[in-house]
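Read through the structure below, which is laid out as structure tokens, and then see the notes.
Worth knowing before you read on, the calculation uses all heavy atoms, side chains too, and leaves out hydrogens, waters and symmetry mates. Order of appearance sets the numbers: ligands from 1, and atoms from 1 within every ligand.
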Amino acid sequence: MDSKEIGRIPPVCLITGASRGIGRAVAERFGKEGYELILISHREIKDLSGLPGRHCAGDAGDFNFMKSVFDEIDTLDVLINNAGVAYYGLLQDMEPEDWDRVIRTNLTALFNSCKLAIPKMLKKHAGKIINVSSVWGSAGASMECAYSASKGGVDTFTKALAKELAPSNIQVNAVAPGVIDTDMNAHLSPEEREMLISSIPAGRMGTPEEAAELIYTLSRAANYLTGQIVSLDGGWI
Ligand code: NAD
């Protein structure tokens, strides 16, 4: 779906959590291909500086904020649900508000954006939805119960919505990264980082650009590819 295929009208892509890490790399990748971008950043518009497109600051887990963004969109070709937060700690020490924040950001945000995107995609009888999950969504990680549960939810949400939307020619897939070198892993000490890397067969963390490339590839994949969770983990899990 590039501008050559649909004449002079650029295709439109909305990305949540575009201010840094994987989301920023995805914005840069789609921007390079001539997409019109709608970029969502959690905190401030200035976090999106340097990126092309329309910038919106707000919480992807807040339905009313997302509705205000979608109300300004006529058409949408690609939706990338990337915004996410991690929480590391024992479940018994986790506060209810931390549980809510993880589930709201990592899972409820998908309900919000998909519910709002689907009518726009139905009008064109076409669309690609790509969710950013995690290998922990299927494997589960100690000290990351909420995160693992939220990403497990992303996986089954992806599979279920893919079935629901396949008759309407809208494809829903997910990428499940292992460890990608972003701020999400900035809390690791040099020793923890080395230990983690030594457990990855590829011998390194993935890059945000590699994740962005996979997401872009999925957005261009055959329409028969839907309901899939594609791992990107250097052979880790
Ligand atoms: P990051 O912390 O570098 O970036 C996260 C982005 O999400 C930021 O732009 C942040 O502003 C945004 N965000 C957070 N809460 C938000 C909210 N409520 N509303 C809107 N935006 C919000 O993290 P990252 O590593 O780039 O992670 C991106 C996605 O990849 C996440 O869904 C994460 O779970 C997933 N992931 C990352 C890794 C990894 O190792 N980095 C591994 C597996 C999955």
Protein residue, atom and distance nearest to atom 30 (O) of ligand 1, heavy-atom basis: V132 CG1, 3.2 Å
D77 and K120: CA distance, side-chain angles, deciding distance, salt bridge (charged side-chain N to carboxylate O under 4.0 Å, His left out) verdict: CA-CA 9 Å; D77 299 284; K120 298 186 191 299; over 6 Å; no
I22 N/O under 3.5 Å from ligand 1 N/O: yes
Selected option - heavy-atom contact closest to atom 5 (C) of ligand 1, from G84, A212, G178: G84
salt_bridge(R193, D181) N-O dist < 4.0 Å: yes
Linked hydrophobic residues, Y224 as query - side chain contacts closer than 4.5 Å: none
Minimum heavy-atom distance between L79 and A117, given as atom pair plus value: CD2-CB, 3.8 Å
Closest protein heavy atom to atom 28 (C) of ligand 1, given as residue, atom name and distance to 0.1 Å: N82 OD1, 3.1 Å
Test item: N81 side-chain N/O and L110 main-chain N/O as donor-acceptor pair under 3.5 Å: no
Closest protein heavy atom to atom 6 (C) of ligand 1, given as residue, atom name and distance to 0.1 Å: G17 O, 3.7 Å
Under 3.5 Å, side-chain donor or acceptor atoms of residues 149-159 against the rest of the protein: list the pairs with distances, not counting sequence neighbours.
from, atom 1, to, atom 2, distance (Å)
S150, OG, N106, ND2, 3.1
S150, OG, A146, O, 3.4
S150, OG, Y147, O, 2.7
K151, NZ, V132, O, 2.9
D155, OD1, S133, OG, 2.6
T156, OG1, G152, O, 3.1
T156, OG1, G153, O, 3.4
T158, OG1, N131, ND2, 3.0
T158, OG1, V154, O, 2.6

Nearest neighbour of atom 19 (N) of ligand 1 from the list G21, C56, A60, S134, on a heavy-atom basis: A60
Flag for K123-T75: side-chain donor and acceptor within less than 3.5 Å: no
Nearest-neighbour protein heavy atom for atom 27 (O) of ligand 1, which is reported as residue plus atom name and distance: M184 CE, 3.9 Å
Any donor-acceptor N or O pair under 3.5 Å, side chains N223, K128: yes
Identity and distance of the protein heavy atom lying nearest atom 43 (C) of ligand 1: P177 O, 3.4 Å
Nearest non-hydrogen protein atom, atom 25 (O) of ligand 1: T182 OG1, 2.5 Å
Distance-minimising heavy-atom pair for I15 and C13: CG1-SG, 3.7 Å
Proximal atoms of ligand 1 relative to K151 (non-hydrogen, under 4.0 Å): 31 (C), 32 (O), 33 (C), 34 (O)
Where L51 and A18 come nearest, the two heavy atoms and their spacing: CD1-O, 3.4 Å
Whether N82 side chain and I22 backbone form a donor-acceptor pair below 3.5 Å: no
Sub-4.0 Å heavy-atom approach of G58 to ligand 1: yes
Element-labelled atoms of ligand 1 that are located less than 4.0 Å from some non-hydrogen atom of V85: 14 (C), 15 (N)
Any Y147 heavy atom less than 4.0 Å from ligand 1: yes
Shortest protein contact, atom 44 (C) of ligand 1 (heavy atom only): S133 O, 3.1 Å
M195, CE: over 12 other non-hydrogen atoms inside 6.0 angstrom: no
Location of contacts on T105 toward ligand 1, heavy atoms closer than 4.0 Å: side chain
V179, any N or O under 3.5 Å of ligand 1 N or O: no
D59, L196, N106: member with heavy atom nearest to atom 18 (N) of ligand 1: D59
Per-atom contacts, ligand 1 versus N185 - under 4.0 Å to a heavy atom: 39 (C), 40 (O), 41 (N)
Nearest protein heavy atom with distance in Å, relative to atom 9 (O) of ligand 1: S19 OG, 2.7 Å
